Structures are given as structure tokens and as C-alpha cells.
Amino acid sequence: MPSFTSKDGTTIAYDVRGSGPAVILIDGAWCGRNMGPMPRLAPLLAPHFTVYNYDRRSRGDSSISTDYSPDREYEDLAGLIDIAGGSAHLYGTSSGAAIALFAAARRLPVNRLAIFEPPFTDVPGGKPMPQGYQAEVERLVAEDNRPALARYFMVRMIGMPSFMMPLMRLNPHWKAMLHNAPSLPHDTAVMEGYGFPTEAARSIRVPTIVMSGDKTFKQLKETVRLARETIPGARFASLPGQSHDAAAGLVAPILIDFFTGADAARIAA
């Protein structure tokens, strides 16, 4: 398992496979390089790209960090981009999509940007976060009350009906999710209030594709629309029958097409 030391001394673990142009995968909340959508996606991209799949800080095999400044996430990503050769394509899902968006806006060396449903839900028709959510998730992490943290996030922040929580505990990934629970304050911090970042989106100057499932949550549809219309020149892909956890087999062909420039070549033709 390769790893590197980020600017603040945090160890970041990652996997690398394949060959070709570098693609970095950026997970959302609770997930990691061994759990969630990216372990299924990486092998589908590897015949075309050198694919980097990393454990964001405080999850998986990366070390715990209690510095919740969003800057630390971009330092981690910058370190991995350096390892990847100095520039990379980015694909981020959920809060990982927010990191990818802000990374491009911060002028990290991003070649092409692909984002899937960044959860900026404090928008018209969306769901504002509860007051004091950042302090609460940090408190629950400090107390190491991981089940309570999962409940607070799922029910109070996301809006899952409380009666579904017992079913969550039957999920085969429940233990892995709880292992990654200390990373949640990083996810909530990088969302920067959950309002859509219009200025950052308008400043993006790299080719971008915004992706969404056509069956996704209502509260994400407005965010996807804003991203499509605000990021200059952004393309859009709707995945049929998919929600917030889209099938890797549907995501991969879109990314291959976009990152290789095949979609632009067809448009030019």
C-alpha cells in the first residue's frame, strides 16, 4: 500500500493501477478506497488511465486528523497530483465532487474535471443544514460516538426517515462506515455551508462534465442544474435509472469518453 505525507504531516494512503494519463478519484462521505463506488470504478478505468484512488484523511488507512480546515483537503490532493506527474484529471462524487470543483477553482493543476452530484443542498428547493451542524459533528467525533454521528448525519442532515436507521445497521458496509466516521467533519467543512458556490463555479477554466442520476434525490436536482449552467462550457450526462450511488458500469464509459477527449472530437466532427 503506497502512501505519502501531506503538508501538515498526515499520512495519506492510496492505490494506483493501470497506465496512461492520470485520473484521481475523490470519494464522498463515509467511503474510501476499499468501500463505496470507487473500488468498483477504478478497474474499469485502469485499461485507459493511471488511476489513483486514495483514502481521504481520517478514513481507511490514512491517519486521523483533527484539523478540519478545507485547506488540508486541497493540500492532500495537491500532494497526490504531484505523485501522479504534476497534473491529473479529477472525478469526484458527492462531497468529493465539491472538493474537485473547488480544486479546479483554486487552480490546482487539473486537466479535466468530472463531478457527480455535489451536495450543495442549501439552494431553492433544497434542504438547509441544521444550525450548528459543524460543531455537532465535531463534538460527536471527539466523543467517539460513531453510531450517534451516523444517525445525526443521516437523519438530521440528509433527511433520511429515522425508521430506516435500523436497516442501515444491516448494511454489510456498516462497520466500514463507522471506521470512517472520524472523517465526517472534513466532509461537512469542505461543503462551506452547503450553499452553491457560484463564484468558484464561474471561475473554472478547465473542460468539465456534470453528471447525475435521473432518479436522484429531489434536493440534488437544483444543485446539478446550477452546476451545469454556471461552470463555463460544462457538459452534462444523465445516467438512466440511477440515484446518488450510480453504477460503475454506467459511469466508466462517460469518464473514458470525456477524459480521452473522444466526446469533444465527435462534437468537432
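Keep in mind that this is a model prediction, so the values were computed, not measured.
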* Taking the side chain from D55 and the backbone from R33, do they hold a donor-acceptor pair closer than 3.5 Å? -> yes

* Under 6.0 Å from the six-membered ring centre of Y133 and within 45° of its axis: does the NZ or CZ of R156 meet both? -> no

* Asked: Should the pair F259 and H89 be assigned to parallel (<30°), tilted (30 to 60°) or perpendicular (>60°) ring geometry?
  -> parallel

* Is a donor on one side and an acceptor on the other found under 3.5 Å between the side chain of D15 and the backbone of M1? -> no

* Carefully, step by step, assess E222 and R225 under the rule salt bridge (Lys or Arg N to Asp or Glu O under 4.0 Å). => CA-CA 5 Å; E222 178 67 4; R225 183 191 71 80; 2.6 Å; yes

* Please report the C-alpha distance between D71 and R106 in whole Å, then the side-chain angles of each, then the deciding distance to 0.1 Å, and finally whether the salt bridge (Lys or Arg N to Asp or Glu O under 4.0 Å) criterion is met. => CA-CA 10 Å; D71 291 343; R106 287 175 175 232; 3.1 Å; yes

* What do you reckon, is CZ of R202 surrounded by more than 12 foreign heavy atoms closer than 6.0 Å? -> no

* Passing candidate, salt bridge (charged side-chain N to carboxylate O under 4.0 Å, His left out) with D76, options R56, K7, R59, R57 -> R57

* Please check if any side-chain donor atom of D67 sits under 3.5 Å from a side-chain acceptor atom of S65, or the reverse. => no

* Asked: Any sub-3.5 Å donor-acceptor pair from T11's side-chain atoms to T5's backbone N or O?
  -> no

* Would you call D257 and R235 a salt bridge, taking side-chain N to carboxylate O under 4.0 Å as the test? -> no

* To do: State the CZ-CG distance between R146 and N180, to the nearest 0.5 angstrom.
  => 9.0 Å

* To do: Give me the ring orientation class for F4 and Y14: parallel if the planes are under 30° apart, tilted from 30 to 60°, perpendicular past 60°.
  => tilted

* Is the closest side-chain donor-acceptor distance between D214 and S238 under 3.5 Å? -> no

* **Ring geometry between F120 and F102 (parallel below 30°, tilted from 30 to 60°, perpendicular above 60°)** => perpendicular

* Inter-residue atom distance H173.NE2 - C31.SG, 0.5 Å rounding -> 8.5 Å

